[in-house]
Amino acid sequence: MRIFRLAVLLVLMPFAAAQAQNYIGISGGLMSYSSGTTEMDSQGFTVVAGGQFDPLIAIEFSYTSHASVEVGANDYKASVMALSGILRSPGEGFEPFLRLGLARGDSDISDASMNGKEDGIIFGLGADFSLNYNSSLRFEYVETDLDGAESDRLSFGTIYRF
């Protein structure tokens with residue numbers, strides 16, 4: 001819960017800065033989550049909120065929800081919350097970026113002892129394709145290395161700047 005509060009505070013800081021360009025977004029795609037001997041492949045969605053302080057640097061909070069998967073008598077669910085620094089290569093129409101940050105995974109497997117919360121790091125790469133000044137399409141690959149679990153996602157979505 002402390003990480004979540006810190007993430008919310010850090011995400012809200014850009015909204016107070018007059019020079020920051022803030023944005024929100026949503027994406028969906030293919031995802032996997034593995035904890036111990038259990039691996040779950042599914043689809044899911046990611047919601048992001050961030051602030052662009054500089055043409056090169058942004059801070060972004062993301063929440064990824066993996067779709068619930070039912071295998072036999074077990075129900076598998078997982079989610080990942082992350083606070084990341086984004087390093088961009090500014091361009092016109094195409095902006096590749098690198099992501100590095102802290103993450104917290106939450107897995108829930110019915111009838112199993114693998115339930116839990118894991119902390120770790122998140123890293124990835126992607127690109128934003130500008131449609132106009134306020135909106136972009138985003139393509140991204142992200143890996144999350146958690147303490148005892150791993151998650152990755154390949155997603156496509158949209159970003160709206162305000």
For the atom pair [atom1] ([X]) and [atom2] ([Y]), what is the distance rounded to the nearest 0.5 Å?
| X | Y | atom1 | atom2 | value |
| --- | --- | --- | --- | --- |
| Arg161 | Asn134 | CZ | CG | 8.5 Å |
| Phe94 | Ser89 | CZ | OG | 8.5 Å |
| Thr144 | Asp152 | OG1 | CG | 8.0 Å |
| Ile159 | Ser27 | CD1 | OG | 7.5 Å |
| Glu95 | Asp128 | CD | CG | 6.0 Å |
| Phe123 | Tyr141 | CZ | OH | 7.5 Å |

Taking side chain as C-beta onward, heavy atoms only, is [X] less than 4.5 Å from [Y]?
| X | Y | value |
| --- | --- | --- |
| Gln21 | Tyr133 | yes |
| Phe53 | Ile59 | yes |
| Phe45 | Ser65 | yes |
| Tyr76 | Ser68 | no |
| Val48 | Ile26 | no |

Examine Leu154 and Leu125 and state if one hydrophobic cluster contains both, with Ile, Leu, Val, Met, Phe, Trp and Tyr joined whenever side-chain heavy atoms are less than 4.5 Å apart.
no

Is there a path of hydrophobic side-chain contacts, each under 4.5 Å between heavy atoms of I/L/V/M/F/W/Y residues, joining Phe156 to Phe129?
yes

Identify whether the distance between the nearest side-chain nitrogen and carboxylate oxygen of Arg153 and Glu143 falls below 4.0 Å.
no

In terms of side-chain geometry, is the basic nitrogen of Arg88 or Asp54 positioned less than 4.0 Å from the acidic oxygen of its partner?
no

Quick one: do the Arg99 and Ser84 side chains pair a donor with an acceptor below 3.5 Å?
yes

Name the orientation class of the two ring planes belonging to His66 and Tyr33 (parallel below 30°, tilted from 30 to 60°, perpendicular beyond 60°).
perpendicular

Listed by chain and number, what are the side chain to side chain donor-acceptor pair (under 3.5 Å) partners of Thr158, not counting sequence neighbours?
none

Kindly determine whether Asp145 and Ile121 satisfy side-chain contact (heavy atoms from CB on, under 4.5 Å), including the steps that lead there.
CA-CA 5 Å; Asp145 186 14; Ile121 61 169; 4.3 Å; yes

Pick from Lys117, Glu118, Lys77, Met40: which one makes a side chain to side chain contact (heavy atoms under 4.5 Å, CB included) with Ser107?
Glu118

